[in-house]
Amino acid sequence: MDFIFSLIKAFAVGGTICLIAQILIDKTAMTPARILVLYVSLGVILTGIGLYEPLVSFAGCGATTPLLGFGYSLAKGVRKAVDERGLIGALTGGLTGTAAGIAAAAFFGYLFALIFRGHPKK
Amino acid sequence: MGDADVRVLSLKNPPSAVGFAAAVGQKEYEGPLGSEFDLHDETGTFGMDTWEKSESEMQRLALNLALSRGKCDPASLEAVFAGDLMNQCTSSAYGLLGFGKPYFGLYGACSTFAEASMLASAMISAGYFQKAAAVSSSHFCSAERQFRFPLEYGGQRAPTAQWTATAAGALILCKEGKGPYITEVMPGVIVDKGINDINNMGAAMAPAAIDSLCTYFTETGKKPDDFDLILTGDLGLEGHAITLTLMKNQGFDMTRVYNDCGLLLYGKESQDVHCGGSGCGCSASVICGHILKGMASGKWKNVLYLATGALMSPNSLKQGAAIPGIAHLVHFSMDRSGENSDA
Amino acid sequence: MNMDNNTYRKFVKARAPKSPLAKDCFHAFLVGGLICAFAQALLEGFLTLEMTEENAKTLVPVTLIFLAALCTGLGVFDDIAKFAGAGTLVPITGFANAVASPAIDDKSEGLVMGVGAQMFTIAGPVIVYGILTSVLYGFCYWIWGMLM
């Protein structure tokens, strides 16, 4: 039962975060690139002021999977590194916290670029 | 000659269209005009390993076909006027390399085919050439890469967006022939009404079309109903409606005779192209595959073709500059004198 | 055309068809929600294996990135995205697609100047601005720690 409930929470919170982005796309002149930049920066700021952690404990992957969660990982990485190493951690922490995601994107992106070719759109 | 106030050029020796052909991709083949095109490739690659080469190959095939349809000896061709959407017009340069003919590379965005036809016919009329070709092409895949996003990028298209046609058209013009003739041409001026939305190019180009149409009707004293068909190139659904409405406000009712190449090329609902086709190849293929054939078989006698182009670049868009438009006019007539005698 | 730029812009804007907001939002909510729920299910699944929680939490986005890059290569990601809009854009899947799609497309310009140089043309700004804000945050956090 807990399992089902955790899925529903992730669905509702993740879906809502996407829905807000869709409203921004349709209703403002913001391009998708700007919205992603906004989301990732907002994720760092919300985590910094302590508002995002509660959402992560509530919704799990519903909060960490959207790009706000990328910002959350950056901020968490920075905080941990500053705690351990002082000011230098401000530079090392962000990429440490998100290393797996960036490396996976670069690695799989490259791999599939070797295998596939672009298709004309239908 | 030499009157700065007159923009319509009435050709003294109207050249005849002797050969014309269009090559298209699969989506265009599936459209309402599909069966009229001379050649299509269902993969869109035309056997090449990059999209840029595919576009060049499509252009080469179109010119070859036009030459053979017109039973023209390739050696008799004296010049080629051609263009496309790619940076530095590479699709034309590589596609036409093998012909070994004097080459004029043109950039007029989606208006290129009219620009090429206009220059070729003026040069023939003036007696410099006996036979010249106008060619242009666009390829959805190469254009998408240059102007928008990678092909596999997951994005949604705006409802006002247009679809770059995978198509090439080639027209052989000759000093002598049975028609259709190009009797009048009018180069467009660059018009900017402050639209900077890449997803609404029809609205950006419509003012240029309206300017050219009004100038033409005012200078010649002709009326829209003097023509069997007035055809803008690639204004799409939005631009077509804007042009029709604003022309009416100017006192020119074109309701009965007005259509748009971008609307003719695709089936509006079924093909999910939003506002219709665009790209240099769109009006080129509609003219070479559909209109000139229809004129030769007696379907239409007088067609006013007005190709519109949006003259922006990816960088000018990023800098927020408005999109300037242009509209070149070409009058195709079955009557060499250019008089609309039967209308 | 006797219409000034402002009047023309207003005229164009008023008559342009609008995006179907309700439908777009429903699709974005549905697909975005499903991706997040799938991520949660993955996490719960990984946790039942012999794996630390930290590794499980790292492996979830990695799996999503793998699947999104694969769908991009197979040419189905853009079809799903056309339906889902922000539903596939905002989750980490959108980031993976933004990296994989130029990589695949620009292979024709070579493995270094094509794939290598173009891979982050779309996703680059996200990383740049993410790092920028995180460094600023780290600096503020450090100052805060000094003061306390």
Side-chain angles (χ1 to χ4, degrees), chain A residues 3 6-7 10-19 21-23 25-27 32-33 36-37 39-41 44-45 48 60-62 65-67 70-71 74-75 78-79 81-82 86-87 89-91 93-95 98 100-102 104-106 108-110 112-113 115-119 121-122, chain C residues 19 21 24-25 28-37 39-41 43-44 58 60-62 64-66 69-70 72-75 78-79 85-87 89-92 94-96 99-100 103-105 107 115 119 122-123 125-127 129-131 133-135 137-142 145:
Chain A
F3 175 67
S6 76
L7 296 197
F11 178 84
V13 171
T16 306
I17 292 172
C18 296
L19 186 147
Q22 187 71 47
I23 294 174
I25 294 176
D26 282 5
K27 280 283 165 191
L36 296 187
V37 165
Y39 262 44
V40 79
S41 308
V44 174
I45 294 165
C61 293
T65 307
L67 268 193
F70 197 75
L74 282 164
V78 159
R79 198 163 55 204
V82 170
L87 184 56
L91 291 173
L95 281 179
T98 52
I102 295 174
F108 294 128
Y110 194 93
F112 292 129
I115 302 172
F116 296 107
R117 182 186 172 175
H119 307 70
K121 280 192 203 280
K122 297 269 156 29
Chain C
S19 297
L21 185 65
D24 283 358
C25 284
F29 179 74
L30 184 71
V31 179
L34 283 176
I35 290 172
C36 293
Q40 186 67 29
L43 178 65
E44 309 272 354
T58 306
V60 170
V62 169
L64 290 178
I65 287 167
F66 170 79
L70 179 65
T72 304
L74 292 171
D78 54 332
D79 297 330
L89 176 80
V90 171
I92 196 76
F95 178 75
V99 173
I104 291 166
D105 236 34
K107 190 167 49 162
V115 180
M119 189 178 249
I122 304 173
V126 172
I127 296 178
Y129 279 90
I131 290 175
T133 32
S134 78
V135 169
Y137 164 62
F139 185 66
C140 297
Y141 180 71
W142 179 75

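Letters A, B, ... mirror the listed sequences (proteins, then strands); counts begin at 1.
Rounded to the nearest 0.5 angstrom, C/Ile35 CD1 and A/Cys61 SG are separated by 12.5 Å. For the atom pair A/Leu36 CG and A/Ser41 OG, the distance stands at 10.5 Å (nearest 0.5 Å). Atom NZ of C/Lys107 and atom CZ of A/Phe116 lie 9.5 Å apart (nearest 0.5 Å). The structure places OH of A/Tyr110 at 13.0 Å from CD1 of C/Ile104, a figure rounded to the nearest 0.5 Å. To the nearest 0.5 angstrom, C/Ser19 atom OG is 8.0 Å from A/Gln22 atom CD.
The choice from C/Cys140, C/Pro125, C/Gly138 that makes the most heavy-atom pairs within less than 4.5 Å of chain A is C/Gly138. Counting heavy-atom pairs under 4.5 Å between each of C/Ala96, C/Ala103, C/Gly85, C/Gly145 and chain A puts C/Ala103 at the top. Ranking C/Thr72, C/Val31, C/Leu21 against chain A, the residue ahead of the rest is C/Leu21, based on heavy-atom pairs under 4.5 Å. When C/Gly87, C/Ala69, C/Ala100, C/Gly75 are compared by the number of non-hydrogen pairs under 4.5 Å with chain A, C/Ala69 comes out ahead. If you tally non-hydrogen atom pairs under 4.5 Å between each of A/Gly48, A/Gly86, A/Gly118, A/Gly89 and chain C, the highest count goes to A/Gly48. For chain C, the option among A/Thr98, A/Ile25, A/Leu74 with the highest count of heavy-atom pairs below 4.5 Å is A/Leu74. Between chain C and the residues A/Ile17, A/Leu19, A/Thr65, A/Ile45, the most heavy-atom pairs under 4.5 angstrom are made by A/Thr65. Chosen from A/Ile115, A/Leu91, A/Leu95, A/Val40, the residue pairing most often with chain C at heavy-atom distances under 4.5 Å is A/Val40. The greatest number of non-hydrogen atom pairs below 4.5 Å with chain A, out of C/Ala123, C/Ala28, C/Gly94, is found for C/Ala28. Taking C/Ile122, C/Asp78, C/Asp105, C/Leu43 one by one and counting their heavy-atom pairs under 4.5 Å with chain A, the maximum is reached by C/Asp78.
C/Ala39 and C/Leu64 make their closest contact through CB-CD1, 3.8 Å (heavy atoms, listed as atom of the first residue, atom of the second, distance).
For chain A, the nearby parts of C/Leu89 are the backbone and the side chain; heavy atoms of each come within less than 4.5 Å. Using a 4.5 Å cut-off between heavy atoms, C/Val60 contacts chain A through its side chain alone, with no backbone atom that close. Both the backbone and the side chain of A/Leu67 come within contact range of chain C, with heavy atoms under 4.5 Å apart. Neither the backbone nor the side chain of A/Ala33 comes within contact range of chain C; no heavy atom of the residue lies under 4.5 Å from a heavy atom of that chain. For chain A, no part of C/Pro61 is nearby; none of its heavy atoms comes within less than 4.5 Å. With a 4.5 angstrom heavy-atom cutoff, A/Ala106 touches chain C via backbone and side-chain atoms both. Interface remark: A/Arg117 contributes backbone atoms only to the contact with chain C (heavy atom separation under 4.5 Å). With a threshold of 4.5 angstrom between heavy atoms, C/Phe139 approaches chain A through its backbone and through its side chain. In this structure, the portions of A/Ile23 lying under 4.5 Å from any heavy atom of chain C include both its backbone and its side chain. Interface residue C/Val115: only side-chain heavy atoms are found under 4.5 Å from chain A.
Residue C/Tyr141 qualifies as enclosed at atom OH: its count of foreign heavy atoms under 6.0 Å is above 12.
Residues A/Phe112 and C/Val99 have side chains not in contact (no heavy-atom distance under 4.5 Å, counting atoms from C-beta outward). By the 4.5 Å heavy-atom criterion applied to side chains, C/Ile92 and A/Phe70 are counted as neighbours. Side-chain atoms of C/Tyr137 and A/Arg79, non-hydrogen and from C-beta on, do get closer than 4.5 Å to each other.
Here A/Tyr39 pairs with nothing under the ring pair (Phe, Tyr, Trp, His ring centres under 6.0 Å) rule; sequence neighbours left out.
Ring planes of C/Phe29 and A/Phe11: perpendicular class, angle over 60° (limits at 30 and 60°).
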